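What follows is a single structure, written as structure tokens, with notes after it.
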Amino acid sequence: GESVGLHLPTLSVQEGDNSIINCAYSNSASDYFIWYKQESGKGPQFIIDIRSNMDKRQGQRVTVLLNKTVKHLSLQIAATQPGDSAVYFCAENRAGGTSYGKLTFGQGTILTVHP
Amino acid sequence: NAGVTQTPKFQVLKTGQSMTLQCAQDMNHEYMSWYRQDPGMGLRLIHYSVGAGITDQGEVPNGYNVSRSTTEDFPLRLLSAAPSQTSVYFCASSPLSGGFSYEQYFGPGTRLTVT
């Protein structure tokens, strides 16, 4: 069933450190994964995505790792900055058929970066 | 481009009232969707559309109606508001590639309170 917790996982880091945010996904048929960043009072903002035929993808200061064996996804942020403070969501989708954009979102992780 | 716009930003309704949340995008995206976000939770899909005249239900469609008469607009109607519909509502859009929606662009959200 769905967890209804009001307490999101949190990660606190110092400015300049590397951050790793983890996500366990639920559907072994999912083949598209995406990370979003959500700042307070704003809509989610795309960070990076990855297809299931890859196990790693790099962007600017961010890397996503995918482990399909254990259904685990991680987001690595290099040289974390105060502006990275936000809630980070992973989402999964299954390509093909009529799945279209039916993203299933995780609960989210609060990242706090201390100067 | 204005991207995805939503109105109103805030709304308070009494139980039983109806209203329409507006969503518009100027990117000529085929795919549009509505999500709700409750405290401490990820986004849950309410309804989606893959083009004008085509809509379908998401994970939590009860109590909501949608229509898609144009590519640009995708309004969400609350038929008879209930306190359980107190939430933040996000509209998103994306192009379809090979029938699949990848990165979705989110609007700023509408914060709805039902008393």
Side-chain angles (χ1 to χ4, degrees), chain A residues 1-10 21 23-27 30-54 57 59 64 73 86-110, chain B residues 2-6 9-10 21 23 25 27 29-51 54-61 68 74 84 87-111:
Chain A
E2 180 180 44
S3 84
V4 191
L6 295 179
H7 302 288
L8 297 180
T10 60
I21 301 171
C23 177
Y25 64 92
S26 57
N27 188 348
S30 294
D31 57 7
Y32 174 68
F33 306 88
I34 190 166
W35 281 98
Y36 282 96
K37 171 187 180 183
Q38 187 176 26
E39 297 174 276
S40 182
K42 296 185 178 180
Q45 178 185 2
F46 171 84
I47 301 173
I48 193 169
D49 58 0
I50 189 168
R51 294 296 299 268
S52 61
N53 59 355
M54 304 173 70
R57 191 171 187 209
V64 56
L73 197 65
V87 180
Y88 289 80
F89 293 97
C90 66
E92 60 185 290
N93 192 9
R94 182 172 62 88
T98 58
S99 291
Y100 298 115
K102 288 183 178 178
L103 291 174
T104 299
F105 281 80
Q107 190 181 20
T109 296
I110 300 172
Chain B
V4 180
T5 58
Q6 293 183 237
K9 285 191 181 302
F10 302 94
L21 308 185
C23 174
Q25 52 92 8
M27 298 174 281
H29 287 167
E30 300 97 328
Y31 182 87
M32 296 186 75
S33 57
W34 277 101
Y35 294 85
R36 61 177 287 173
Q37 184 176 33
D38 300 306
M41 299 181 70
L43 284 75
R44 291 183 293 169
L45 182 64
I46 304 172
H47 284 286
Y48 68 97
S49 168
V50 298
I54 306 170
T55 64
D56 205 346
Q57 296 180 350
E59 180 186 354
V60 287
R68 184 97 178 268
F74 190 45
S84 61
S87 189
V88 181
Y89 291 84
F90 290 100
C91 179
S93 76
S94 77
L96 287 177
S97 175
F100 187 76
S101 164
Y102 292 93
E103 176 187 346
Q104 295 189 27
Y105 298 82
F106 284 83
T110 294
R111 186 175 295 274

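As the structure is a prediction and not an experimental result, all values here were calculated from the model.
- Contact of B:Gln37 with chain A is made through the side chain alone, with heavy-atom distances under 4.5 Å.
- Classification of the A:Tyr25-A:Phe33 ring pair by plane angle, with boundaries at 30° and 60°, yields tilted.
- Judged by distance alone, the side chains of B:Gln104 and B:Ser33 do bring a donor and an acceptor atom under 3.5 Å apart.
- For B:Gln57, the part lying near chain A is the backbone, with the side chain staying farther off; criterion is any non-hydrogen pair under 4.5 Å.
- No donor-acceptor contact under 3.5 angstrom links the side chains of B:Glu103 and A:Tyr36, judged on distance only.
- Using a 3.5 Å distance cut-off with no hydrogens or angles, the side chains of A:Glu92 and A:Ser30 do pair a donor with an acceptor.
- For a residue to count as touching a neighbouring chain, one of its non-hydrogen atoms must lie under 4.5 Å from one of that chain's; by this rule A:Gln45 does not touch chain B.
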